[in-house]
Amino acid sequence: MEEKIKKLINRMTLEEKASFCSGATLWKTKSIERLDIPSIMMTDGSYGLRKHTGEKDYLGIYQSEPATCFPSACALASAWDVALAEKVGKAIGKEGQSKNVSIILGPGANIKRSPLCGRNFEYFSEDPVLTGEMAAAWINGVQSQGVGASLKHYTAYNQEYERMTISAEIDERTLQEIYLSGFERVVKKAQPWTVMCAYNKVNGTFCSENKYLLSKLLKEEWGFEGFVVSDWDATNNRVDGLDAGLDLAMQGADGANDKRIVEAVKAGELDESVLDQAVANNLRILFKIIDNNKENASHDEEVHHAIAREVAADSIVLLKNEDGILPLNKEKLSKVAVLGAFAKKPRYQGGGSSRVNPTKLDCAYEEIVKLAGDAIEISYTQGYSIDNDNIDEITMKLARETAKDADTALVFVGLTEKHEPEGYDRTHMKLPSNQIELIEAVCSVQENVVVILTNGSPVTMTPWNEKAKGILETWLIGQAGGGAIADILFGNVNPSGKLAETLPIKLSDNPSYLNFPGKKGKVKYQEGIFVGYRYYDKKEMDVLYPFGYGLSYTTFEYSNLQISKKEMMDTDTLEVKVKVKNTGKIFGKEIVQLYVKDIECREIRPEKELKAFSKVILNPKEEKEVTFTLSQRDFAYYEEDINDWYVETGDFEILVGKSSREICLKDIVHITSNLNTCESNK
């Protein structure tokens, strides 16, 4: 392949090379017919394929071809299941093959710095390990089908406010430990065919022109082998971008960028070898696409819908289950009230460039009626309008009457697309006022209330959190979400999701609160490495629900924690084993979480940091042993004095538990550091 690439580049004119580094249309690259170099198509695809029926739309305004809408990243991350993430990726990749799509623009691996970010529904977690593992699995699934993925948005793209120009001001340690390490993990574990650079600046330099990010880190240190593509219209100075490592600028600029590149080479302002390298990177992926093309590829929409339902059910988090109100018992209940417009008109995905035109759509109300059968009478009241936040007293009165007449009330609430779309950020965490009023009204007449949340980012739950007996956080769970919710409610599926982000009590508790979204073209990341649970734990601050938390209809017991060494060099690996037992009466899945704590360090470090996790499937009374392997990087922090990762000699706690705040077992290992061997590439 490399010889073929070299020969092709030698045959290209300067103008052809320049043109090959820009898009031809909104979704296609340029072809060079003289050299039999074809065009390829890219589409959005964060949680489902979005292949357009027209060219002039990249914000999801117009229609796209039908495709399976899987749970968005905010939901999928709550499954904490890399096998499931890979299964979703395979399905999306298969749909890409069947629709002649070469590159799928996703997933988003940006860290959830603030709950207000308008695109948080596209991102996995506040933690880089969970983000990196889930994104890598998703990409491996997509690319196993011969379709490329585009890891985005690289990097520090954590808000929509002034997204095209804002400069994220971040110290190097924070950048490395929080905002880059997830991307690094994905590149090393999955080798995405492309990486998409973000709109914003990092420390004053546009991501599309940032040589440190695009060349030194991504390509040289991490070993990225694909091409770097800009976010759409994210180029500022195309020549500077090319020199920094931006291989392909999308979308096309009517030849203007091509002309600038040619002029820069002729004027000696840009070395032609830089252009040749970008062309080579683009050609390498093009040939990979050609080699992996499957003629007459197809997929089964019903099979993919079933996968979407399976994934959705595993992504739902049971936050509260007082008095065992769930699962609903058909033998004890005669009437169940379903309230809230979302029960019949589901919000199942985010808005903007990720919007999918689903092949079909389940609604929770219909699925609840199906599973209830003749055993339970189901009544419904809309409760509120999705179109506005106004409180309608007549509607509210009907809701109270409907709820009072039932044995249990299921209240569907959440955020509409207008509250959290791409393009702008939220200003608060509240639910719409008419929905809050509905919950309060129902709770005033009915003691058995289950709230089902539909949202892409955390919402304030006080004071109704104390009044509802059950709470399901369903996030945005795709086209089969209605069926998945019914499965959880009736116990056909035992909930196993756990929170991929902390749910704070109020917005002002969030560590970025005083510095979001910035001003005068800059946003300062003054909270440093203390993002999410790292901050709340260090501050010993109460939260509504902690990172990694989620309930089940069964119970689990942890025992027999073993570590392979009590003392080790930082270049050694440590094997950690723990036994987990299902002590309940029904089948269940438990997410075992391993955290590491540096007990004493010269630099301030978090109380604990997630380093590994595993989802364990257990029958009643069954016990399994889970094994983790930790290496040097799992004990290191980024030391700016040496511009590298460093393990300080001392004791480290190995913590295993059910959440960041429910540690079941712990042990201590002593590590001796060797400064000379602490290298980021190891």
Side-chain angles (χ1 to χ4, degrees), residues 42-49 67-68 70-98 101-110 122-125 127-154 180-196 218-219 222-229 284-285 287-289 291-294 297 299 303-304 307-308 310-311 314-315 354 478 500 591 611-615 628-629 631 633:
M42 295 180 257
T43 69
D44 286 311
S46 295
Y47 44 83
L49 210 64
T68 308
F70 291 94
S72 56
C74 66
L76 181 58
S78 295
W80 290 63
D81 189 334
V82 293
L84 209 60
E86 186 171 355
K87 193 172 186 177
V88 171
K90 283 182 178 179
I92 294 175
K94 186 171 284 189
E95 294 191 22
Q97 273 284 3
S98 68
V101 171
S102 302
I103 302 289
I104 294 170
L105 304 174
N110 297 98
E122 289 188 61
Y123 307 143
F124 291 99
S125 177
D127 181 83
V129 170
L130 181 55
T131 292
E133 291 294 320
M134 296 296 285
W138 191 96
I139 288 171
N140 280 328
V142 169
Q143 296 184 168
S144 72
Q145 301 305 303
V147 175
S150 190
L151 177 65
K152 64 181 189 179
H153 309 87
Y154 181 69
L180 289 175
S181 60
F183 284 99
E184 179 185 1
R185 184 176 291 257
V186 178
V187 169
K188 291 181 175 179
K189 285 202 165 195
Q191 270 298 341
W193 292 5
T194 82
V195 168
M196 180 192 293
L218 180 62
K219 296 181 179 181
W222 302 351
F224 174 60
E225 299 170 356
F227 68 71
V228 176
V229 60
R284 194 174 296 115
I285 297 304
F287 290 144
K288 189 174 287 191
I289 289 165
D291 290 344
N292 285 277
N293 183 57
K294 300 175 183 177
H299 68 277
V303 169
H304 284 196
I307 293 172
E310 173 196 359
V311 177
D314 264 25
S315 301
S354 62
I591 299 161
K611 296 300 177 182
F613 60 91
S614 179
K615 195 160 193 175
F628 302 104
T629 301
S631 59
R633 182 69 175 266

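As the structure is a computational prediction, the values presented were derived from the model and not from experiment.
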> Short question: side chain of S125, backbone of D127 - any donor-acceptor pair under 3.5 Å?
Replying inline: yes

> When rounded to the nearest 0.5 angstrom, what distance separates NZ in K87 from CD in E310?
Replying inline: 3.5 Å

> What is the minimum heavy-atom distance between A612 and F628, and which atoms define it?
Replying inline: CB-CD2, 3.5 Å

> Nearest heavy-atom pair of R633 and K611: which atoms, and what distance?
Replying inline: O-NZ, 4.3 Å

> Applying side-chain hydrogen bond (donor to acceptor under 3.5 Å, both in side chains), which residue pairs with at least one partner in residues 128-140 are found, sequence neighbours left out?
Replying inline: E133-R185, E133-K189

> Which distance, rounded to the nearest 0.5 Å, do you find between the NE2 of H299 and the OG1 of T68?
Replying inline: 5.0 Å

> Has the side chain of Q143 got a donor or acceptor atom that lies under 3.5 Å from a matching backbone atom of Q191?
Replying inline: yes

> Can you tell me if NZ on K94 sees more than 12 non-hydrogen neighbours from other groups inside 6.0 Å?
Replying inline: no

> Among F224, F183, W222, which one satisfies side-chain contact (heavy atoms from CB on, under 4.5 Å) with K188?
Replying inline: W222

> How far apart are the closest heavy atoms of I591 and S78, and which atoms are they?
Replying inline: CD1-O, 4.3 Å

> Out of curiosity, C74 SG to F124 CZ, how far, rounded to the nearest 0.5 Å?
Replying inline: 10.0 Å

> Taking C-beta and beyond as the side chain, do E184 and P128 meet within less than 4.5 Å on heavy atoms?
Replying inline: no

>> Let's go through L76 and F70 carefully: what are the C-alpha distance in whole Å and the side-chain angles of both, what is the deciding distance for side-chain contact (heavy atoms from CB on, under 4.5 Å) to 0.1 Å, and is it a yes or a no?
In response: CA-CA 9 Å; L76 181 58; F70 291 94; over 6 Å; no

> Roughly how far apart are W80 CH2 and M134 CE, rounded to 0.5 Å?
Replying inline: 9.5 Å

> With sequence neighbours excluded, what pairs up with K288 under the side-chain contact (heavy atoms from CB on, under 4.5 Å) test?
Replying inline: W193, N292

> For S150, which of T194, V195, V142 qualifies under side-chain contact (heavy atoms from CB on, under 4.5 Å)?
Replying inline: T194

> Which heavy atom of S144 sits nearest a heavy atom of K90, and at what distance?
Replying inline: OG-CG, 3.5 Å

> Of all heavy-atom pairs between Y47 and P71, which one has the smallest distance, and what is that distance?
Replying inline: CB-O, 3.5 Å

>> Show the nearest heavy-atom pair for residues Q97 and G146, with the distance to one decimal.
In response: NE2-O, 3.4 Å

>> Against T43, only a single residue in L105, I103, L49 fulfils side-chain contact (heavy atoms from CB on, under 4.5 Å); can you say which?
In response: L49

